[in-house]
Amino acid sequence: MPTFPSKKDSHSFKVQTLLVEVSSSSNSTPSLIDSPQSNFVLNGLQGQAPQTRTFFFTLTEQVGAPDGVSKRMLVVNDMFPGPTIEANQGDRLIVNVTNHLENATTIHWHGLFQNQTNFYDGTSAITECGIPPGQSLVYNFTFGEFSGTTWWHHFSSHYTDGITGALIVYPSDPAPRGFPTWDQDLVVQVNDLYHTFSSVLLAAYLSPFGIDGTPGDEPVADGGTLNGLGQWGGTGNYFNFTVEPNKTYRIRLINTGSFASIRFSIDNHPLTIIEADGTLVKPYNVSGLTIAVAQRYSVLIRTNGTRKDGTYWMRSQVQTDMFTYDVPGQNTDIRGVLRYSNAQNAPALPTATDDPGPGKKLADMDDSLLIPAVIDTPPNNTRRYPITVALENTNDGRFLAFINRTSWEPLTGTSTLLAVHNAGGSSYAPNGGSLQDSSQFLITENSIQTVDLLINNLDDGDHPFHLHGHRPWIMGTGSGRYIGQPLNTKSPLRRDTVLIPAYSWMILRFITDNPGVWAFHCHIAWHMAAGLLMQINSLPSVAANLTIPQPIIHQCSS
């Protein structure tokens, strides 16, 4: 993890995080952001007895320069990315969050099920109102059935400015028989990067004139980072892993960005995909893989490269397919370094310019070829709800996002969960789809049902959708509209974040057995802020009996 200004690291570790200084502009401001090397080299806690793991998060505004360009940032514990949390499936997690920002804030624990603790999901205006400036909130929950690679982040566009971190939960059960093994776990967080503060970009995006004079054109990133480091305009630094030869490493990849998908690869090293959003998959060899916003993958690499200098590029390429205007100086070719510990006379940086691939003919990942390592056949559906996604100009000149003709706006002074609780549960909204408070589209099921969301994306852009509190089955997807195409009822993949391409359909299946109010939204920060969100109101009669912590209730009236 970077310390600015950077220096070569001389410490010796089995797996080592090194930082190579490249250059810095004469007028750049040294970043105040500093993180330990251990943030990306995991300790391997699996097998420890269940225990309580406690963390303290302090949220502040700082000046940082992840790619060499000084900018305002919002960070946790003076770190970008923030602290990596490691835990086991049976553990309890306690995180005391103190907010020193100008606005109320929350922390969302992406992908966790939060069964019986919906109030700790960290979704502003949905499960809590937010931690006011100068106040704290203690998140206190167990992981339940969740295990895998995930992350934590601020729920709104604040995470664009830096409030992100990895969250790794090791499973209690052994891996399937014959599943690959590895020697060490590493974390790689990739993201697009904006030099302008998110609130400025968001105000321009939502204005009648748009960010570039065209309503609906999303803010385009200036660059990106790999584990908090990027390069721009001849400045910046390269994140380094030093690894032992002839070992197998599991790299846990997380796209913590706000808009762009990112392609990851390592020169001369094939990648073996073994996990997607917490679901183990049959090993699948690829040259590289493209990760949509908020998605996670685990890949295995074997450190058997044959380059004499033992130095290879890790490539994090920001995808530009949804960018609608040019940004001066933009750099989408972000790199880090993989360095073998036995390298002799190794250069500071690899010499390769163009991507050589993994050294043999391998295609990039096709996510339709991801097969669960353990077959998990879903039950038959008992409900189906059609969902349409669209982004449109409004009569007042704005460009907003809509789900079933409703553009979400956050409630003020309350949350949906609190409204359900105060209404006694089922009286807040009727069963089925309904519109509450003019901007809250909900699907309510007050009994356990198996629900299919039939999503038709009518927009000309791709949308990475995330369902809170669940890991739904992907029953089918295809171009155009759904007109009865066959579904995969035998071995569909389960994941909590799915990319729905432009002008296409997808069917997601989940069970309403987790009481609470769960957001379903596009994870592109600009689209969510424009209203591309709806809510699943599961078992409201049960949710009404959840004991919402008094600090959360109190903060709604602060």
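Position 1 is the first residue of the sequence, and the numbers go up from there. Both backbone and side-chain heavy atoms feed into the values below; hydrogens, waters and symmetry mates do not.
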Side chains of His521 and His468: do they bring a donor and an acceptor to under 3.5 Å? yes
So, Asp67 and His195: side-chain donor and acceptor under 3.5 Å apart, yes or no? yes
Kindly assign one of parallel, tilted or perpendicular to the pair Phe57 and Trp152, based on the angle between their ring planes and the thresholds 30° and 60°. tilted
Check: Phe239 ring centroid to Phe40 ring centroid under 6.0 Å: yes
For Thr160 and Ser198, which I'm curious about, is there any donor-acceptor pair between the side chains at under 3.5 Å? no
Which residues pass the side chain to side chain contact (heavy atoms under 4.5 Å, CB included) test with Asp459, sequence neighbours left out? Leu391, Asn457, His463
Is it true that Arg72 and Asp161 have a side-chain N and a carboxylate O under 4.0 angstrom from each other? no
Return the orientation label for the Tyr205 and Trp526 ring planes: parallel under 30°, perpendicular over 60°, tilted otherwise. perpendicular
Taking Thr497's backbone N and O only, do any of them form a donor-acceptor pair with Gln295's side chain (distance below 3.5 Å, no angle check)? yes
I would like to know whether Thr256 and His153 meet side chain to side chain contact (heavy atoms under 4.5 Å, CB included); could you show each step before the answer? CA-CA 8 Å; Thr256 62; His153 59 88; over 6 Å; no
Would you say the side-chain atoms of Tyr139 pair up with the backbone N or O of Ile107, donor to acceptor, closer than 3.5 Å? yes
Go through it in stages, so that I can follow the logic: the residues are Leu532 and Phe465, the test is side chain to side chain contact (heavy atoms under 4.5 Å, CB included), and I'd like the CA-CA distance, side-chain angles, deciding distance and then a yes or no. CA-CA 9 Å; Leu532 204 54; Phe465 267 87; 3.9 Å; yes
List the residues meeting salt bridge (charged side-chain N to carboxylate O under 4.0 Å, His left out) with Glu145, not counting sequence neighbours, and say none if there are none. none
So, applying side chain to side chain donor-acceptor pair (under 3.5 Å) with Arg252, which one of Thr150, Asp185, Thr84 is it? Asp185
When you measure from the side chain of Gln184 to the backbone of Leu42, do you find a donor-acceptor pair of N or O atoms at a distance under 3.5 Å? yes
With a sphere of 6.0 Å drawn around CG of Asp321, does it hold more than 12 non-hydrogen atoms of other residues, nucleotides or ligands? yes
Give a yes or no on whether the backbone of Asp91 and the side-chain of Gln51 come within a donor-acceptor separation of less than 3.5 Å. no
Can you tell me how the ring of Trp182 sits relative to the ring of Phe179, calling it parallel under 30°, perpendicular over 60° and tilted otherwise? perpendicular
Please verify the inter-ring angle class for Phe259 with His527; under 30° counts as parallel, over 60° as perpendicular, anything in between as tilted. perpendicular
Test: side chain to side chain donor-acceptor pair (under 3.5 Å). Region: residues 326-337. Which pairs qualify, not counting sequence neighbours? Asp333-Arg335
Counting distance only, does the side-chain N/O of Asn268 pair as donor-acceptor with the main-chain N or O of Pro356 below 3.5 Å? no
Return the orientation label for the His110 and His523 ring planes: parallel under 30°, perpendicular over 60°, tilted otherwise. tilted
Between Thr279 and Arg494, a side-chain donor and acceptor under 3.5 Å: no
Got a donor-acceptor contact below 3.5 angstrom from the Asp364 side chain to the Val286 backbone? no
